[in-house]
J.: 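If you scroll down you'll find the structure; I have some questions about it.
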2 protein chains.
Amino acid sequence: MSDINVTNNDCQIDEEILFELADLFKVFGDSTRIRIMNLIADNELAVSQIAANLNMEQSTISQQLRVLRQNKLVRIRREGKQIFYALNDDHVKKIIQMGLDHILE
Amino acid sequence: MSDINVTNNDCQIDEEILFELADLFKVFGDSTRIRIMNLIADNELAVSQIAANLNMEQSTISQQLRVLRQNKLVRIRREGKQIFYALNDDHVKKIIQMGLDHILE
DNA sequence: TGAATATATGAACAGGTATTCATATAATAA
DNA sequence: TTATTATATGAATACCTGTTCATATATTCA
């Protein structure tokens, strides 16, 4: 009965989840991280290979890989001194694909 | 034949597109904008209504709505002094849904 | 026209974060 | 063990951006 509909609750998402969502998209919202994800979308790569591909400092890549790890977007496999990174699952790809759909329409 | 596979070109996305992608996800990577998008997901709302719902300054909402407009994520309809905002299309919802899938798994 | 209301926007400030350097940790080989 | 290579990380810096205030623009009504 209020003049402004402040209690609209149709089918909307819990506030707390929305903050988590923003945090997730924040991870996708950095060009270095997106380029890393694209690079390891089809085959795993070691940290040094990623750095070489993107022509960036190894420490920069490691810092960003940590962010991706913390958000469960990548998985790792150790092989001797090297650590190989790959996308954690296919729906990381799906998120990227959805973004592409918007851009390329 | 190089020791490091720098010329990997499987099925990957053009570099320039990747930067655009990051910029797009950057828009989703802010809690205020995500909350706005969630709010107008099912029905259009005027700026003042959005501000009231989120309990934030009108200018803050306007600034963020501009970002959403510039990225073609919302559409507007003028009705007298008020301007109603709605999500531009359903695949904005899909992007959000993909993010939810990742969080809620 | 002028007053009232709704929205937009420029400028400034504060908080956050991506990058880099230097260094630490970890694994391998000799 | 020591040397070498690969990766991780703490600290510092510089840049970016979300919010706010003040004000401008736009629409309606009297």
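Order of the sequence lines fixes the chain letters, A, B, ..., with proteins taken first and strands second; residue numbering starts at 1 for each chain.
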J.: Can you check the B:Arg77 CZ to C:dA6 C1' distance for me, whole Å?
T.: 15 Å
J.: Tell me: CG of A:Asn55 to P of C:dT19, nearest whole Å?
T.: 13 Å
J.: Checking A:Asn53 against A:Gln49: is there a side-chain donor and acceptor pair closer than 3.5 Å?
T.: no
J.: Would you kindly give the NZ-to-P distance between B:Lys26 and C:dG16, to the nearest whole Å?
T.: 18 Å
J.: Would you say that more than 12 heavy atoms from the other residues, nucleotides or ligands in this model lie under 6.0 Å from the CG of A:Asn55, or not?
T.: no
J.: Counting heavy atoms not belonging to A:Lys93, are there more than 12 under 6.0 Å from its NZ?
T.: yes
J.: Kindly indicate whether the side chain of A:Thr60, heavy atoms from C-beta on, has any atom under 4.5 Å from the side chain of A:Leu54.
T.: no
J.: Without decimals, in angstroms, what is the distance between B:Ile34 CD1 and D:dG18 P?
T.: 13 Å
J.: List the protein contact pattern of nucleotides 4-10 of chain D with one symbol per nucleotide (5' to 3'): B for base contact, S for sugar-phosphate-only contact, - for none; contact means a heavy-atom distance under 4.0 Å.
T.: -BSBBBB
J.: Does the pair A:Lys94/A:Asp89 count as a salt bridge with the N-to-O cut at 4.0 Å?
T.: no
J.: Could you check whether any side-chain heavy atom of B:Glu105 comes within less than 4.5 Å of a side-chain heavy atom of A:Lys72, counting everything from C-beta outward?
T.: no
J.: B:Ile36 has an atom CD1; how far is it from atom P of D:dG18, in whole Å?
T.: 11 Å
